[in-house]
Every structure is written in C-alpha cells, then in structure tokens.
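Here is the naming used below: chain letters follow the sequence lines, and residue numbers restart at 1 for every chain. As the structure is a prediction and not an experimental result, all values here were calculated from the model.
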Protein chains: 2
Amino acid sequence: MANIKDVAERAGVSVATVSRVLNGHSPVAETRDRVLAAVHELGYRPNNVARALRTARTGALGLIISDLTNPFFTELADAVEDAARSLGYSLVIGNAGERPEQQDDYIRTLLDRRIDGLLVSSAGTGSAMLREVVASGTPLVLLDRSVPGVDAPCVRADGRAALTELAGHLAALGRRRPAIIVAPAGTPTGDERLALFRTALARHDIPLPDERVGATPDLQPTGGRQVMRGFLDLPEPPDAVLATDNLMALGALDELRARGLRVPDDMALVVYDDVPWFAHTDPPLTAIAQPTRELGRAAVRTLLARIEGSPAESVLLPARLVPRRSCGEPAGG
Amino acid sequence: MANIKDVAERAGVSVATVSRVLNGHSPVAETRDRVLAAVHELGYRPNNVARALRTARTGALGLIISDLTNPFFTELADAVEDAARSLGYSLVIGNAGERPEQQDDYIRTLLDRRIDGLLVSSAGTGSAMLREVVASGTPLVLLDRSVPGVDAPCVRADGRAALTELAGHLAALGRRRPAIIVAPAGTPTGDERLALFRTALARHDIPLPDERVGATPDLQPTGGRQVMRGFLDLPEPPDAVLATDNLMALGALDELRARGLRVPDDMALVVYDDVPWFAHTDPPLTAIAQPTRELGRAAVRTLLARIEGSPAESVLLPARLVPRRSCGEPAGG
DNA sequence: CATCCTCGTGAAAACGATTACACCGACGAT
DNA sequence: ATCGTCGGTGTAATCGTTTTCACGAGGATG
C-alpha cells in the first residue's frame, strides 16, 4: 500500500508538502494539483494508525453496552453509532453481557487502544475501573445508568413525569392494586423507578406494599415470568403490573398467557422502554418511552464536548407515557 | 501516561529489554522481575497505536452490519463480538442501515484504520468497494449475504433442508395455497429462499404462482403488512404465508390482527429467523431458525484463518425448522 | 589456553504520519 | 540598491513501540 513518501516522490515534492496539502494547511494551486494527481494515481490513503500515533488522537470512541441483545440497548447503540459516524468518529463496541469483570476487561482494552473517549452503560456497580478511567484523563460519559462515586457526566432519561402520569392513568382506570417488577435491589435504575412510582401512586392514595414489589435476579424474560407467577399466587393478586424493563415484561406476558388471563381485562400491563415490538403484541402494550435516539445523540455530543475540554454536564431527558390498550380503554378509544 | 522509556529508566535497563520482557521473548529471572516491578509501579500499559504501527497489526476487526436494529443482525453482531473478543480482537462496528453508499463510506474508514480483517453482511449488491477491499489485500469474509463478483469466502445458513421440511409440514397440515413474502427482487438471499421454497413445494405438487409471491420494498414491518394486505385481497387468498425476514413477519401479523383473522385457524404463518420474540407471540410462530451464533463464530474463525494466510473456504450451516403452533397443531401436540 | 557458541543486552533503525524550524526567493518599502 | 517580510518548501525531530544487529561475557569444547 502506497505511503506518503511514494506520493511525495511521484509529485516531486517533500512529504511535508504532501501532508500539508492533504490537511489543507498551505494550499498552493500548482503544487497542490501535482500532489493530488499523485494521490489519485497511487490510490493513496493516509494511514490512520501513524496519524493517530503522531497526533495522539485516534478518531475512535468506545462504547460499553451492558447487553447488546436487549432491544433498548440495541437502539441506544445504533443511535450512538449513527451520531458518532456523522461526526467523523468510529465506534468500537464492547458488549459487557451484564458481567462486570468482562466490562472491566473491555475498558482496559479500549484504553490501551487510546480511544478518544468512552461511553459506558455500566453493568453492575463495579466502579473501580471506571474511577481509573477518570484518573487516566480519558473523557468518560455514563449512559443510561449512573454510577455512584464516579465523577463523570451521565446522560439518561427522567421517568418522573411519565411515572406520575402513569399513576394517574391507572387510578383513572380504577386499578387499585398495582405491582412492579424491578431489577435486583441495589441497581440505581431499578431503585429509582420504584421510588418514583411509589410516590406517584401515593398522590392518588394508592399504596405499593412490599409484597407487590418483585425483584428479578436478572433483566431477562424468565425473571419477569417468575415474579409474575409470585404475584398471581398472592391471596390478593395485583390488578396492574409495571415491568421496568422490556425483557421482563415479555416474561410476565408469557405467564399471563399460560394461565389464560387476559390483558387488560384480568390484568393491566405496562412496560418500561417502548421497543417497537410492543406495538405489535396483542394487545399493544402501554409503555413508558425513553427518548432512546436522543439519548444516544446527547451522549455523543456530551462526550465530544469533554474531549474538546468544555465543561460538559449531565443530561436528563424526559421519558413519556405512551398509552395503548393494555391497561383498559383510554378515554379517546 | 507512562511509556516504555519511563519503565526502562526506572528498571535500569533499555527499552528493548522492557519490550522483550513484556512480549515474553527472552525471559531472564532477575531483570525480568525488575522490569515487571517498574511496570507495576508506574501502572504502565503499552500503547497499542504505536505497537500497531510497528507490527502492522491492529488487533481490530471490522464488522459492517446491514441493519443493527433487526434482531437477527443484532444477534449476529453479538455473536461476532463475543467470538472476536474471546480471540483477543476488538470489534469496530459499522451500521450500514441498508444504504450501500454508507456502507462504502464505512469500509473506507475501516481500511484507513488498518483493521486486520473485515466482515461484511452487505447491504444491496454494490460490490465495487468490496472488490477494492479484496484488491487491497485486506482479509474479507462475507456474512449471511453473498455478493456476486466478489472473491471472498461467505459464511451463511443453508435453508434447503428446513424449507423442504416446511413444505412437507404445510402439506401434511392440509395447506394448499402457500404464499411467500420476499425482499426486493435481485437480492440474492430473497431469490434463493423463493426458489428453494418453490421447488420444495413442487415435490408435494403444490404450486407457488407469482400472484402469491409478494416483494417488499424493504425489510421492514410496513412492507410485510402491505404484502399481506395484497394477499388477503386476492380472489383466492393464501392459506399459509412464509415471511422471509422477521420484521416483515411482524407487519404481516399486524395486518392479520387488524382484519380479525386468526392464526393458525384462518392463516398459517411462518417466519424466517427465529428471534426470541416469536416464541412469545400469540400464538408462538413456527420459524426457520438460522444457527445465528454459530454463524458469527464461524465467520470470525474463517476471517482469522484468512488473516493467518490459510486458504479459508465458505461455510454453509444448515437452518432448521422449529414447528410451533402457527400452522396448526403438529402431531405431537 | 585458545576458540567457538550461546545468551542476554543495548543502540539504533524502522513503521508512516505531523509539525517546528530554517531557508530561500520574491516583492514592497525605504 | 538594500533591507525586511512573507509565503512556500524542505529537513529533520517526534510519537511509542518492535526488532535487527552488534557486542561482550561466560561456559563448553578442542
């Protein structure tokens, strides 16, 4: 593969001149044309590795995603990739598979590759490596999940308004015994959603007792199904369930179907994360939609700001309620 | 950030020695310990960019995926990522979004980054850039979609056995008027699935007339829905539909539901690609399952073989039929 | 005792770009 | 005519590694 020296020779100039022409530094008509002609004839493409070594900028961003096969994160990754590309950056993706040690492994690798910045939607709360990243000076932005003790801006959705609206929605439809399926206790996201939902319900004098709070071991369908089973076996089962992750909702739906229960007649069901699928289920599920693509874009923007040294701040975008038919017929039909 | 020179000074040796210790080239107990101690104390990590420049190996693979948000490709990407990581490679992902020009753009970028090898599940048939990749000497492996005129091994699933079995399955259940929803004509994958299905049906004396072959403009739910609408408006609608991509099946299901038709009573439905969702639909859909994760692994293995200079060949893994309830009750219940 | 390897080590040349610095010619001003 | 300036260019240093080559010490061998 041709290198800059070959181009220089062919154009009869020095490598410095070639470099300058290519970077638009000192454009002079005549020499410029000769250089560009040589570039064209040789099919020369600058070696990004060498450039990165010299300039200390790789033009690559890292993205650690907690579970790529979870549709919410897929969309998030897609949005990040799109934003990165349109701003001239490549994206190195690492899938943590919800395993903290694999996440740490990956972060190490990415740092060794000298990526220009790192986006992390952290699996677990393991923050030792993340603190190391901050210490190393590599720009870091947290995505979707905040991590206590790590000094980095976090881009995520704020469920307060949506959950408040949901509480009203459920109350208006006469649901008095709501339940919630959450991620394992200690997960900031799960804890927060639970707290917000509870206070929102309280405003309508609807309690959310602990027996109707079900924690799953993981964010998978089986976990959701298990919790739903527990709910249905209660002496007084709930009449509405909020699953705080889309995969868990899927499992919950399975259990309802297996028992021949109907949504919304026998049980209202609401899903956190409005992945396209839930518009195609029967019935379509009422959902709390996070502005996924905007989150991705905002995260990249924030990261670039940090890379350029601006004092970047956390971003909180509002989630919103998307009422469908799974809680009962809304007023409008 | 500490570099190899700092380590050398601290350990009282030359940089060459440090390098050798770190790469396990000439291990000598005493010097070795001093070096490792220095490495540890300084928290030294080798700069991969410099290493890549010198060795002409980046340790990164590129993956161009035609549509990351399509669950089949998500799983494929996930499998590839997993395989790459476990073999010590990082993965730079590019999402072509089914746009050939964006794909070309990305391939260019990846070549500039001097990735060690490239995996492409090509959007469209634009092969000019792919031929350039081959010419440049960068190891290339095609994934899921073969591209005529490009001399590179292709890793994909073979639907012959599954489609043959499906034809028998449908025949046994008394379906006489099958239909198929395919990608736009000219797409190798779509054409092939159509041809295989047709000959498989022929063996049971079941014809597949052109009026029951519906092409969609894209691989999206709306396209599937549109085609299904056309089928249902035929004077003699089909009694079974095979959607050759999971997203199209989703749209087809929507149209059935909108018309109040029931699966499998009024219409049998089969989906190509057994993404987890279809086990959770009502009823669970009979599917043709491609060995997605194996495909990903095989693709990475094949690519590595090419990187190491072995004469790597195409891989064809059999897809299989997963009968569920969407074509009628199978014998076993 | 001389010679030949072997082994560990260091000095220095790559890898392919960017960029600080020096230089040189032309041109405008004095 | 002389000097200063300025724009364009080339030379060479630099980024952080790996690796070739040469060297010197030491052990084995004759």
task: For A:Glu308, enumerate each residue passing the salt bridge (charged side-chain N to carboxylate O under 4.0 Å, His left out) test, keeping only those at least two apart in sequence or located in another chain.
output: none
- prompt: Are A:Ser121 and A:Ser66 linked by a side-chain donor-acceptor pair shorter than 3.5 Å?
  reply: yes
message: Using the side-chain contact (heavy atoms from CB on, under 4.5 Å) definition, which of the options A:Leu76, A:Ile93, A:Val80 pairs with A:Leu119?
response: A:Val80
field: Residue pairs fulfilling salt bridge (Lys or Arg N to Asp or Glu O under 4.0 Å) with at least one residue in residues 63-84 of chain B, sequence neighbours excluded
entry: B:Asp78-B:Arg293, B:Asp82-B:Arg85
- prompt: So, A:Thr138 versus A:Ser136: side-chain donor-acceptor pair below 3.5 Å or not?
  reply: yes
- request: Sequence neighbours left out, what passes side chain to side chain donor-acceptor pair (under 3.5 Å) with A:Ser314? Give chain and number order.
  value: none
query: Within the structure, does a side-chain N or O atom of A:Thr31 lie under 4.0 Å from either OP1 or OP2 of D:dG8?
result: no
message: Using the salt bridge (charged side-chain N to carboxylate O under 4.0 Å, His left out) criterion, which residues pair with A:Glu98? Sequence neighbours excluded.
response: A:Arg145
- prompt: Taking CG from B:Asp6 and C1' from D:dT17, how many angstroms apart are they, rounded to a whole number?
  reply: 13 Å
- request: Summarise how protein sits on nucleotides 15-23 of chain C as a single string, 5' to 3': B when a protein heavy atom is under 4.0 Å from the base, S for sugar-phosphate-only contact, - for no contact.
  value: BBBBBB---
task: Determine, for B:Glu30 against B:Arg34, whether the closest basic-nitrogen to carboxylate-oxygen distance falls under 4.0 angstrom.
output: yes
Degree of bending, the helix from C:dC1-D:dG30 to C:dT30-D:dA1 (end axes from five pairs; round to 10°): 50°
statement: A:Glu192 meets the salt bridge (charged side-chain N to carboxylate O under 4.0 Å, His left out) criterion, sequence neighbours left out, with A:Arg156
Considering only nitrogen or oxygen atoms on both sides, find all protein atoms under 3.5 Å from nucleotides 25-27 of chain C and state each distance.
none

For nucleotides 24-27 of chain D, tabulate all protein N/O to nucleotide N/O atom pairs closer than 3.5 Å, reporting atom names and distance.
none

- prompt: Which residues satisfy the salt bridge (charged side-chain N to carboxylate O under 4.0 Å, His left out) test with B:Arg51, sequence neighbours excluded?
  reply: none
Could you pull out all donor-acceptor pairs under 3.5 Å where a side-chain atom in residues 36-45 of chain A meets a protein atom, sequence neighbours excluded?
| from | atom 1 | to | atom 2 | distance (Å) |
| --- | --- | --- | --- | --- |
| A:Glu41 | OE1 | A:Arg10 | NE | 2.5 |
| A:Glu41 | OE1 | A:Arg10 | NH2 | 2.7 |
| A:Arg45 | NH1 | B:Asp112 | OD1 | 3.4 |
| A:Arg45 | NH1 | B:Asp112 | OD2 | 2.7 |

- request: Ignoring hydrogens and angles, tell me if any N or O in the side chain of A:Ser310 forms a donor-acceptor pair with the backbone of A:Arg306 under 3.5 Å.
  value: no
field: With sequence neighbours excluded, residues passing side chain to side chain donor-acceptor pair (under 3.5 Å) with B:Thr58
entry: B:Asp116
